[in-house]
> 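The structure that follows is given in the form of structure tokens.
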Amino acid sequence: MTRNIFTFIRHMNRLPLYLLILFTVFCFACSKDDSGSGAPPVVTGVSLLDASKTDSTFTGTLPGTLILITGQNLDGIVKIAFNGQSAYFNPTYNTSTHLIVTIPDNAPTEATDPDVPNTIHIITNHGETSYSFTLEIPPPSIAAISNENALAGDSLIIYGSSLWLIDKIVFPGGREVTDFIADDAGTRIGMIMPALGDDTGRLLIQAKYGNAVSDGPLNDHQSGNVISNLTADGETGEKAVFNWAWWGANRTTDANLFPGTRGGYLQNIFGGVGAGDGAWWNGNRSGNFNDVPMFTAAIMTEQAANYALKFEISTKEPWTAGVNVLRFGDNYAYRYMPWSGAAGAKFETKGAWQTVTVPLSAFKTVADGKEGTGAGAQTMGDLLKAGGVVAFGYRFITEDAPVDVYNAAYDNFRIVKIR
């Protein structure tokens, strides 16, 4: 039978290498050559199943990976475990020299157990063996930062995945923070915001299994990225980037009303707005800005998905209905309604400032008379006026439900490159 198998394989040279390996292992498992010598099993190597990616120095990979274990006397396996976690395997793919198996997704790693043995343990009906093999964790990833413009001394939370085994967090200006608290799930890191002065830049996480960089700069409230920070010339707290059109919301510099920001900001406060009310120009329900020449004409052909609108919001009351329609010009809008899909169908920051990030590709045209529900923006030229001029504003409307009370503040509207 073995001779017939190899005759067939010679005519299958067009198949991917990993399929050939899989087929070969299967065929040998069906042959009568796998009775084994009775000697203890020996593992000589581990590789990815795709032979084109075989690496002689392959000594570790992620849980969930399909691997090929090579050795001697591997027939008759009754159990295989990765760091103590048993793995299912199909005996069809077990021969005296090979085993194909998927590492369990829940196999322990150094992230969940600092004393993990980093071994593959194989038990056969004629002996057992262990092989040193590291179960790695994915590199860290940053999904969001609670407040990218937090003041020094404020609490700061980084949200993401694989936030384990972190050596340090580097802030703008090279400021390193090693005093932080991470959750066991690797999804949150909490710390105190260091003093950054006027330094602006992206946050860097350095961890054992890789690095991660924030999608936008921190302390970015007075740079060339800013449409408006609502601070006027002569006011304290930050360099003025005003560009406000002087109507719509209540602009204030009251540091006690919504503490935790710098200089000026906008407050939208209103109530008693019935369902289906699109009169955004009434009752403190909009934010209006002058056109801002932020970019050159060269940006017009760049992909909208490479940029995002960012701003900070702080709420005093839960937001439970209504839509804040963020707009670039008259053709593209984003329906900002964070209460939709939130726990309890309400959004609130409880008086803290929180950064919002909206990819510019999420801004859409009008469809069926409703802004922000049509085709998404493809290029920056869809969103900007000729020459790279920004025409931005927002309008609060209601649809299916009334708004009894709305009391929120906005600050630091900016456009940043995220890719």
Side-chain angles (χ1 to χ4, degrees), residues 227-228 243-249 266-292 294-295 299-300 302-313 315 319-342 345-347 355-386 388-404 406 408-416 418:
I227 300 170
S228 176
N243 298 323
W244 187 49
W246 289 100
W247 72 284
L266 292 184
Q267 180 192 23
N268 293 99
I269 180 170
F270 52 85
V273 180
D277 189 333
W280 56 268
W281 53 87
N282 291 328
N284 210 6
R285 288 165 51 187
S286 64
N288 303 283
F289 301 88
N290 298 320
D291 290 358
V292 185
M294 290 181 61
F295 304 102
I299 200 174
M300 302 297 275
E302 293 195 35
Q303 294 297 304
N306 293 341
Y307 291 83
L309 173 73
K310 286 179 177 277
F311 57 89
E312 275 70 52
I313 184 174
T315 66
W319 180 0
T320 59
V323 185
N324 188 349
V325 183
L326 310 174
R327 307 172 80 247
F328 281 104
D330 294 323
N331 297 323
Y332 285 86
Y334 177 79
R335 294 165 53 83
Y336 179 51
M337 41 196 297
W339 55 269
S340 178
K346 66 179 180 180
F347 170 79
T355 297
V356 177
T357 301
V358 184
L360 295 191
S361 56
F363 282 77
K364 299 179 179 180
T365 58
V366 176
D368 299 325
K370 184 178 290 188
E371 286 190 290
T373 61
Q378 298 297 311
T379 67
M380 293 297 285
D382 292 335
L383 302 165
L384 307 178
K385 288 187 173 182
V389 174
V390 175
F392 172 76
Y394 64 86
R395 302 170 174 180
F396 197 100
I397 63 173
T398 60
E399 294 180 335
D400 298 333
V403 172
D404 295 327
Y406 184 87
Y410 294 84
D411 201 3
N412 305 318
F413 292 96
R414 57 200 185 274
I415 296 175
V416 302
I418 58 172

> Of all the heavy-atom pairs spanning Val390 and Phe295, show the shortest one and how long it is.
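Answer, listing the atom of Val390 first, then Phe295: CG2-CE1, 3.9 Å.
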
> Using the ring pair (Phe, Tyr, Trp, His ring centres under 6.0 Å) rule, pick out the option among Tyr334, Tyr394, Phe392, Tyr336 that qualifies with Phe311.
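Passing option: Tyr336.
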
> Can you list the residues that meet the salt bridge (charged side-chain N to carboxylate O under 4.0 Å, His left out) rule with Arg285, with sequence neighbours excluded?
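Per chain and number, Arg285 pairs via salt bridge (charged side-chain N to carboxylate O under 4.0 Å, His left out) with Asp277.
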
> What pair of heavy atoms forms the shortest contact from Ala321 to Ala401, and how long is it?
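That closest heavy-atom pairing would be CB-CB, 4.0 Å.
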
> Which atom pair, heavy atoms only, marks the closest approach of Thr398 to Gly276?
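Where Thr398 meets Gly276 most closely, the heavy atoms are OG1-N, 3.3 Å.
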
> For the OG atom of Ser228 and the CG atom of Asp411, what is their distance to the nearest 0.5 Å?
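Result: 8.0 Å between the selected atoms.
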
> Looking only at heavy atoms, what is the nearest atom pair of Leu384 and Met300, with distance?
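Closest heavy-atom pair between Leu384 and Met300: O-CE, 3.7 Å.
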
> My understanding is that only residues two or more places apart in sequence, or in another chain, count here; which of them pass side chain to side chain donor-acceptor pair (under 3.5 Å) with Tyr410?
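With neighbours one apart ignored, the set is Asn324, Tyr406.
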
> Might you work through the side-chain contact (heavy atoms from CB on, under 4.5 Å) test for Glu312 and Arg414, ending with a clear yes or no?
CA-CA 10 Å; Glu312 275 70 52; Arg414 57 200 185 274; 2.9 Å; yes

> Between Trp339 and Gly322 (side chain of the first, backbone of the second, donor and acceptor by atom type, cut-off under 3.5 Å), is there such a pair?
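Yes.
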
> Enumerate the salt bridge (charged side-chain N to carboxylate O under 4.0 Å, His left out) contacts for residues 388-401, please, sequence neighbours excluded, ordered by first and then second residue.
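Checked against salt bridge (charged side-chain N to carboxylate O under 4.0 Å, His left out) - neighbours excluded - the pairs reaching residues 388-401 are Arg335-Glu399.
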
> Can you see which heavy atom on Met380 is nearest to which on Tyr307, and at what distance?
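Closest approach of Met380 to Tyr307: SD-CD1, 3.7 Å.
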
> Taking the side chain as everything from C-beta on, heavy atoms only, tell me whether Val292 gets closer than 4.5 Å to Phe289.
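When only atoms from C-beta onward are counted, Phe289 and Val292 do not touch, as no gap falls below 4.5 Å.
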
> Using a 3.5 Å distance criterion without hydrogens, assess whether the side chain of Asn268 forms a donor-acceptor pair with backbone atoms of Asn284.
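Here the side-chain-to-backbone pair exists.
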
> For residues Val403 and Trp319, determine if any side-chain heavy atom of one lies less than 4.5 Å from a side-chain heavy atom of the other.
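Side chain of Val403 against side chain of Trp319, heavy atoms only: no contact under 4.5 Å found.
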
> Can you give me every donor-acceptor pair (side chain of residues 362-372, partner residue at least two apart or in another chain, under 3.5 Å) with its distance?
residue : atom : partner : partner atom : Å
Thr365  : OG1  : Ala375  : N            : 2.9
Glu371  : OE2  : Arg327  : NE           : 2.9
Glu371  : OE2  : Arg327  : NH2          : 3.1

> Which residues pass the side-chain contact (heavy atoms from CB on, under 4.5 Å) test with Val389, not counting sequence neighbours?
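If we apply the side-chain contact (heavy atoms from CB on, under 4.5 Å) test to Val389, skipping adjacent residues, the hits are Asp291, Pro293, Lys385.
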
> Using the side-chain contact (heavy atoms from CB on, under 4.5 Å) criterion, which residues pair with Ser286? Sequence neighbours excluded.
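In terms of side-chain contact (heavy atoms from CB on, under 4.5 Å), with neighbours along the sequence ignored, Ser286 is linked to Trp247, Trp280, Asn288.
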
> Indicate the atoms forming the closest heavy-atom contact of Ala304 with Ala377, along with that distance.
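Here Ala304 and Ala377 meet closest at CB-O, 3.8 Å.
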
> Could you tell me if Lys310 and Thr357 have a donor-acceptor pair between their side chains, going purely by distance under 3.5 Å?
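Their side chains do contain a donor-acceptor pair, which is all the 3.5 Å distance test asks for.
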
> Is there a side-chain contact (heavy atoms from CB on, under 4.5 Å) between Asp382 and Asn331? Walk through the geometry before answering.
CA-CA 8 Å; Asp382 292 335; Asn331 297 323; over 6 Å; no

> Which residue in the set Leu309, Thr379, Ile418 passes side-chain contact (heavy atoms from CB on, under 4.5 Å) when paired with Leu360?
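Only one option passes, and that is Leu309.
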
> Do the non-hydrogen side-chain atoms of Leu266 and Trp244 ever get within less than 4.5 Å of each other?
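The answer is yes; the side chains approach within 4.5 Å.
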
